[in-house]
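Report on the following structure.
From a predicted model like this one, the values you see are computed outputs, not experimental measurements. Order of the sequence lines fixes the chain letters, A, B, ..., with proteins taken first and strands second; residue numbering starts at 1 for each chain.
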Amino acid sequence: MKDSTESLNFIEHIIEEDLANGFPKEKLRFRFPPEPNGYLHIGHAASICLNFGLGEKYQAPVNLRFDDTNPAKEEQEYVDAIKRDIAWLGFTWAEERYSSDYFQQLYDWAVQLIREGKAYVDEQTSEEIAAQKGTPTSVGTPSPFRNRPIEESLDLFERMKNGEFPAGSYLLRAKIDMASPNMHMRDPILYRIINKAHHRTGSKWCIYPMYDWAHGQSDYVEQVSHSLCTLEFKAHRELYDWYLDQIYDSSLLRPKQREFARRNLSFTVMSKRKLLELVQKKIVNGWDDPRMPTISGLRRRGYTPSAIRNFSEIAGISKRDNVTEVSLLEYCIREDLNQTATRVMGVLNPVKLVITNYPIDQTETLYLENNPEDPNSGTHEVPFSRELYIEREDFKEDGGKKFFRLSIGNEVRLKSAYIIKAESVLKDEQGEIIEIQATYDPDSKSGSGSEASQRKVKGTLHWVSISHAVKAEVREYDRLFLDESPDSHEDKNFLDFINPDSLKIIKEAYLEPYLSHATMDEKFQFQRLGYFTLDPDSQPGHLVFNKTVGLKDTWAKQNTETTVQPKPQSTVPQQPKRKALNEIQQISKKLTNLSGEKLENAIQSIQELAKEVSYDELEPLFNTAAKKVGTRIGVTLALGVMLKKGQQRNETMEAFIQSGLNDENEILRSAAEELT
RNA sequence: UGGUCCAUGGUGUAACUGGCAACACGUCUGAUUUUGGUUCAGAAGAGUCCAGGUUCGAGCCCUGGUGGACCAACCA
């Protein structure tokens with residue numbers, strides 16, 4: 001439950017303000033309006049969580065409306081997938097609507113517009129119309145058909161509807177303002193002819209309304225109070241309002257459009273077009289490939305609805321362009337799964353371990369805690385025997401001091417089993433270890449309470465009994481792109497940044513037998529490795545697990561940091577250079593807080609940057625207020641560089657230097673002295 | 001050569017009518033731990049893009065810059 005002290009996002013502020021101004025709470029209504037032309041992704045989840053979240057917060061209905069005004073792109077498959085995803089996220093829509101439900105009403109309103117002289121039928125080519133539209137910096141010119149008699153437009157529009165004309169031959173346009181600074185107001189298109197079957201209306205219509213004409217009017221029909229969309233529609237708002245003005249009846253609610261920034265995630269792309277490209281070029285295996293940022297991909301990967309909803313909540317909503325780090329998403333899924341996932345053991349990269357003093361044919365049943373976070377979660381059985389697999393990385397002949405795992409002569413615990421000590425190894429001709437021989441302490445059994453069982457050892461390993469193990473395929477995923485923001489490079493295509501190693505398939509992993517009964521909706525933690533879930537590719541007798549996300553691994557991090565040298569070279573290009581003077585100002589401002597080496601560095605970079613600044617640029621800053629000492633130091637330093645380069649001295653300059661000499665600040669004084 | 005929007009630690013967001021810049025992720029310590037996980041305790045990291053103004057007081061208001069995003073599909 002949210003309490004009143006919780007901070008609001010800017011949309012909630014708008015709503016609170018409307019409420020405070022007398023807007024009745026029971027008239028609040030929202031909608032989520034996807035076009036069924038692709039699958040939903042994590043960015044849509046932000047919008048879904050925003051709209052449905054507001055619905056929950058204010059007890060207001062939220063419609064699911066499919067914006068299906070372009071039969072060339074839309075398909076029933078997408079409608080079904082979208083509904084599945086929203087329902088899976090745990091939201092319930094008040095009503096399922098379609099823009100196509102309103103085609104007749106939209107048509108009637110369009111006829112009304114023509115009658116009032118506010119719309120006309122145009123018959124130019126798209127090139128001609130585009131040319132007349134002008135540019136953002138120059139006005140457009142009117143269509144020669146702009147003043148077509150009303151009766152003629154009425155007649156042509158009806159015949160358009162009746163299918164008398166081929167696609168592209170006629171259009172209905174609103175008559176607004178060809179000189180508007182807003183391109184969307186320059187006689188926008190209301191209707192175009194498309195001879196294609198619609199997934200719901202079939203061949204009933206051959207003229208289809210454009211987004212702008214359909215969207216606001218649909219909001220109005222459904223009496224949506226706050227129509228929330230992403231920032232790129234900001235420029236459409238004027239048109240949204242203009243269209244509403246034409247049909248608005250003051251006894252009804254008037255919707256308002258407000259815009260928020262779309263959510264971007266690092267190391268992936270978030271546009272349907274680009275995701276479709278990944279699918280079509282078979283870079284991924286479909287929309288629900290676990291590497292995709294789609295809802296269905298995340299679901300298959302093992303993400304939970306609550307993790308995604310929590311992510312949306314934590315990431316928040318604003319109007320700023322953003323790239324949210326994936327680590328936040330990963331945090332959300334770990335936090336959820338840590339509470340709920342059943343702990344099991346599986347070995348992905350096996351090496352054989354033989355316990356030489358364990359009876360040859362003996363098998364023991366041990367018990368593994370299902371979830372230490374939940375004392376009531378119980379235990380499950382796990383068989384133990386003489387020959388085991390452990391992880392190859394968990395053994396080193398001579399591990400060194402910081403290696404907490406198994407090495408010759410050292411003891412570790414086998415999780416939920418015994419303490420063992422490695423004695424020797426067997427190697428093949430290549431020198432690869434093929435078997436580790438160890439002895440166990442029979443008194444050290446987990447949970448036995450014996451003194452030996454209480455003994456502290458350096459580490460604990462997961463393991464699996466070879467003769468009881470279940471074989472399975474395991475798929476591990478890495479980020480799909482090597483660049484943090486693959487589609488933000490003007491000179492490069494996002495596909496140039498594809499990570500060639502984003503999918504790693506382990507054909508034969510060995511899992512404890514408990515997992516042979518795993519079901520699709522169970523979540524597991526393979527202890528010490530990460531979270532895993534069953535993939536739909538699984539067949540009876542052939543299990544396939546997806547790795548959702550690894551556990552935090554400070555050991556691996558330490559290792560990569562010491563072995564791998566400083567990052568190869570960031571693929572992120574240099575930030576577009578801020579102007580040198582601007583940068584000097586920014587560094588300068590902080591100067592008074594610095595000392596020692598940091599101060600030296602700052603001074604040096606200012607002097608470096610000063611080489612790119614002209615005196616004329618610098619002079620206005622001599623007026624900087626006396627209290628802004630940092631900036632004045634920076635300016636003084638920059639001036640010094642210029643004087644050295646042979647800049648002529650003048651009175652303004654001398655006055656500025658003099659004021660520096662008299663300042664309280666020591667750094668400023670000494671900088672000024674340098675110039676005398 | 002236009003219009004609109006945006007600018008707060010590395011990242012994402014807060015900061016109500018101007019009043020000690022907060023939270024989360026990430027990073028780094030230490031403790032606990034039969035997961036190098038979890039948990040717990042703590043630390044570092046921004047003075048709010050720049051300048052000027054109003055004010056006792058500015059992240060917030062005003063003016064002027066700078067930088068970024070969006071806008072010219074018979075797409076949504």
How would you label the contact of Ile317(A) with the nucleic acid (heavy atoms, under 4.0 Å): base, sugar-phosphate, or nothing? sugar-phosphate
Expressed in angstrom and rounded to an integer, what is the separation of His462(A) atom NE2 from U33(B) atom P? 22 Å
Just checking Val323(A): base, sugar-phosphate only, or nothing, at a heavy-atom cut-off of under 4.0 Å? sugar-phosphate
If only side-chain N and O atoms of Ser7(A) are considered, is one of them under 4.0 Å from the OP1 or OP2 phosphate oxygen of C23(B)? no
So does Asp18(A) pair up with Lys256(A), basic N to acidic O under 4.0 Å? yes
When all nucleic acid strands are considered with a 4.0 Å heavy-atom cut-off, which category describes Gly447(A): base, sugar-phosphate, or nothing? base
Kindly say whether, by distance alone, the side chain of Arg320(A) makes a donor-acceptor pair under 3.5 Å with the base of U8(B)? yes
Quick one: Glu325(A) CD to U13(B) P, roughly how many Å, whole number? 12 Å
Check against side-chain contact (heavy atoms from CB on, under 4.5 Å), Asp441(A) and Tyr418(A): CA-CA 7 Å; Asp441(A) 176 351; Tyr418(A) 297 94; over 6 Å; no
Do the ring planes of Phe526(A) and Phe532(A) sit parallel (below 30°), tilted (30 to 60°) or perpendicular (above 60°)? parallel
Under-4.0 Å side-chain N/O to phosphate OP1/OP2 contact, Lys557(A) with U27(B): yes
Under the 3.5 Å rule, do the base of U34(B) and the side chain of Arg413(A) count as making a donor-acceptor pair? yes
RNA chain B stem ranges, 3 or more consecutive Watson-Crick or G-U pairs under 3.5 angstrom: B:2-7 with B:66-71, B:10-13 with B:22-25, B:27-31 with B:39-43, B:49-53 with B:61-65
Can you tell me how the ring of Phe524(A) sits relative to the ring of Tyr514(A), calling it parallel under 30°, perpendicular over 60° and tilted otherwise? perpendicular
With heavy atoms under 4.0 Å as the rule, sort Lys456(A) into base, sugar-phosphate or nothing. sugar-phosphate
Any donor-acceptor pair under 3.5 Å joining the side chain of Glu369(A) to the base of U34(B)? no
Could you state the CG-C1' distance from Leu50(A) to G12(B), rounded to the nearest angstrom? 16 Å
Side-chain ion pair, Asp177(A) and Arg186(A), N-O less than 4.0 Å: no
Ignoring backbone atoms, establish whether Lys319(A) has a side-chain N or O less than 4.0 Å from OP1 or OP2 of C6(B). yes
Looking at every strand, decide which applies to Tyr418(A) at a 4.0 Å heavy-atom threshold: base, sugar-phosphate, or nothing. nothing
Side-chain ion pair, Glu411(A) and Arg455(A), N-O less than 4.0 Å: yes
Under 6.0 Å from the CD atom of Gln454(A), do we count more than 12 heavy atoms belonging to anything else shown? yes
Just to be sure I understand the rule, does Arg405(A) reach a base, reach only the sugar-phosphate, or reach nothing, if contact means heavy atoms closer than 4.0 Å? base
Just to confirm, is there a sub-4.0 Å distance from OP1 or OP2 of C25(B) to any side-chain nitrogen or oxygen of Ser327(A)? no
Using a heavy-atom cut-off of 4.0 Å across all strands, would you classify Glu330(A) as base, sugar-phosphate, or nothing? nothing
Quick one: list whatever passes salt bridge (charged side-chain N to carboxylate O under 4.0 Å, His left out) with Lys272(A), sequence neighbours left out. none
Return no unless some side-chain N or O of Arg237(A) is found under 4.0 Å from OP1 or OP2 of U4(B). no
Determine, for nucleotides 71-76 of chain B in 5'-to-3' order, which nucleotides have protein heavy atoms under 4.0 Å from the base (write B), from only the sugar-phosphate (write S), or from neither (write -). SB-BBB
Rounded to the nearest Å, what distance is computed from the CD1 atom of residue Ile606(A) to the P atom of nucleotide C50(B)? 14 Å
Send over the distance from Tyr240(A) OH to U4(B) C1', rounded to a whole Å. 19 Å
According to a strict under-4.0 Å criterion, is Ser266(A) in side-chain N/O contact with OP1 or OP2 of U11(B)? no
Whole angstrom value for the distance that separates C1' of G2(B) from CG of Asp177(A): 14 Å
Could you tell me whether the side chain of Glu12(A) and the main chain of Asn9(A) form a donor-acceptor pair under 3.5 Å? yes
Check: G37(B) base within 3.5 Å donor-acceptor of Glu373(A) side chain: yes
Do Lys458(A)'s NZ or CZ and the ring of Phe404(A) fall within the cation-pi criteria of under 6.0 Å and 45°? no
How is Lys415(A) classified with respect to the nucleic acid when contacts are heavy atoms under 4.0 Å: base, sugar-phosphate, or nothing? base
Does Lys458(A) reach a base, just sugar-phosphate, or nothing at all? Heavy atoms under 4.0 Å. nothing
Classify the side chain of Arg343(A) and the base of U35(B) as holding, or not holding, a donor-acceptor pair under 3.5 Å. yes
Using ring centroids (six-membered ring only for Trp), state whether Tyr211(A) and Phe233(A) fall under 6.0 Å. yes
Between U11(B) and C16(B), how far apart are the P atoms? Round to whole Å, please. 23 Å
Using a cut-off of 4.0 Å on non-hydrogen atoms, how would the nucleic acid contact of Phe404(A) be classed: base, sugar-phosphate, or nothing? base
